[in-house]
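Hydrogens, waters and symmetry mates play no part in the numbers below; they use all other heavy atoms, side chains included. If you read the sequence from its start, that first residue is 1, and numbering goes on from there.
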Amino acid sequence: MQTIKLIEPITINNSTYEQLNIRRPKVRDRLIVERMKKTEAEKEIMMIASLAEVEPAVIEELDLADYAKIQGIFADFLEVTPQTSD
């Protein structure tokens, strides 16, 4: 899990978010999103909302700089690190 401190906190439904905790994605997360009849951008928002355990409206209200930071973390989760042998 990774915590992202937001540059611009947001308030949705009387809840203020100053940070988001994003967990690592699982295959089932990807499958759920891929089955949706939505645009790629909407699927990404749904995936990030699921990983952060917040409503998609929270992700939609993020400052674009905060969203870009989260996209980078999401991409890092998917990166494979080569293993070295001794």
Side-chain angles (χ1 to χ4, degrees):
M1 183 161 308
Q2 188 152 351
T3 300
I4 296 97
K5 184 168 175 32
L6 301 177
I7 298 166
E8 292 290 327
I10 58 168
T11 301
I12 301 283
N13 298 328
N14 296 321
S15 294
T16 298
Y17 298 85
E18 295 181 0
Q19 64 184 28
L20 293 175
N21 296 313
I22 310 262
R23 67 173 172 81
R24 293 186 60 80
K26 297 183 182 270
V27 172
R28 79 172 149 263
D29 296 312
R30 174 77 184 256
L31 290 173
I32 289 167
V33 170
E34 286 303 315
R35 291 181 182 130
M36 296 176 178
K37 304 262 190 254
K38 299 193 178 285
T39 66
E40 289 304 311
E42 290 170 321
K43 287 179 183 181
E44 182 177 80
I45 288 167
M46 297 298 288
M47 172 76 92
I48 291 170
S50 176
L51 299 178
E53 298 179 354
V54 297
E55 294 296 319
V58 172
I59 305 304
E60 292 171 358
E61 286 300 316
L62 289 175
D63 182 89
L64 209 47
D66 285 322
Y67 187 69
K69 189 173 15 173
I70 290 170
Q71 284 178 309
I73 289 166
F74 181 66
D76 288 347
F77 283 153
L78 302 178
E79 196 171 289
V80 177
T81 305
Q83 297 208 357
T84 58
S85 58
D86 294 335

Trainee: Look up atom CG in Asp76 and atom CD1 in Ile22, then write down how far apart they are to the nearest 0.5 Å.
Mentor: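 So the CG of Asp76 and the CD1 of Ile22 are separated by 12.0 Å.
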Trainee: Can you give me the closest heavy-atom contact between Thr16 and Pro9, atom names plus distance?
Mentor: CG2-CB, 4.5 Å
Trainee: Considering non-hydrogen atoms only, spot the tightest contact between Ile10 and Glu61 and give its length.
Mentor: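 That closest heavy-atom pairing would be CG2-O, 3.5 Å.
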Trainee: Should we say atom CZ of Arg30 is surrounded by more than 12 heavy atoms from elsewhere, each under 6.0 Å from it?
Mentor: no
Trainee: State which residues pass side chain to side chain donor-acceptor pair (under 3.5 Å) with Glu60; sequence neighbours excluded, sorted by chain then number.
Mentor: none
Trainee: For Pro56 and Ile45, which heavy atoms make the closest approach, and how far apart are they?
Mentor: O-CG2, 4.1 Å
Trainee: In Å and rounded to the nearest 0.5 Å, what is the CG to CD1 distance from Leu51 to Ile73?
Mentor: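 Between atom CG of Leu51 and atom CD1 of Ile73 there are 11.5 Å.
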Trainee: What's the separation between atom CE in Met1 and atom CG in Leu20, rounded to the nearest 0.5 Å?
Mentor: 11.0 Å
Trainee: Hey, what do you get for CD (Glu44) to OG1 (Thr39), rounding to the nearest 0.5 Å?
Mentor: 9.5 Å
Trainee: Are more than 12 heavy atoms from other residues, nucleotides or ligands located less than 6.0 Å from atom CG of Leu64?
Mentor: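 No - once you tally the heavy atoms of other residues, nucleotides and ligands closer than 6.0 Å, there are 12 at most.
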Trainee: If the condition is salt bridge (charged side-chain N to carboxylate O under 4.0 Å, His left out), which residues does Glu40 pass it with, not counting sequence neighbours?
Mentor: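 With neighbours one apart ignored, the set is Lys43.
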Trainee: Starting at OH of Tyr17, measure out to CD1 of Ile12 and round the result to the nearest 0.5 Å.
Mentor: 7.5 Å
Trainee: Tell me every residue that passes side-chain contact (heavy atoms from CB on, under 4.5 Å) with Ala65, counting only those two or more places apart in sequence or in another chain.
Mentor: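 Residues passing side-chain contact (heavy atoms from CB on, under 4.5 Å) with Ala65: Ile7, Asp63.
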Trainee: Heavy atoms only: give me the nearest Glu8-Asp66 pair and the separation to one decimal.
Mentor: N-OD2, 3.1 Å
Trainee: Working note: Asp29 + Met47, criterion side-chain contact (heavy atoms from CB on, under 4.5 Å); need CA distance, chi angles, decisive distance, verdict.
Mentor: CA-CA 7 Å; Asp29 296 312; Met47 172 76 92; 3.7 Å; yes
Trainee: With a sphere of 6.0 Å drawn around CD of Glu34, does it hold more than 12 non-hydrogen atoms of other residues, nucleotides or ligands?
Mentor: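 Counting other residues, nucleotides and ligands, CD of Glu34 exceeds 12 neighbours.
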Trainee: Looking at CE of Met46 and CD of Glu55, how far apart are the two atoms once the value is rounded to the nearest 0.5 Å?
Mentor: 8.5 Å
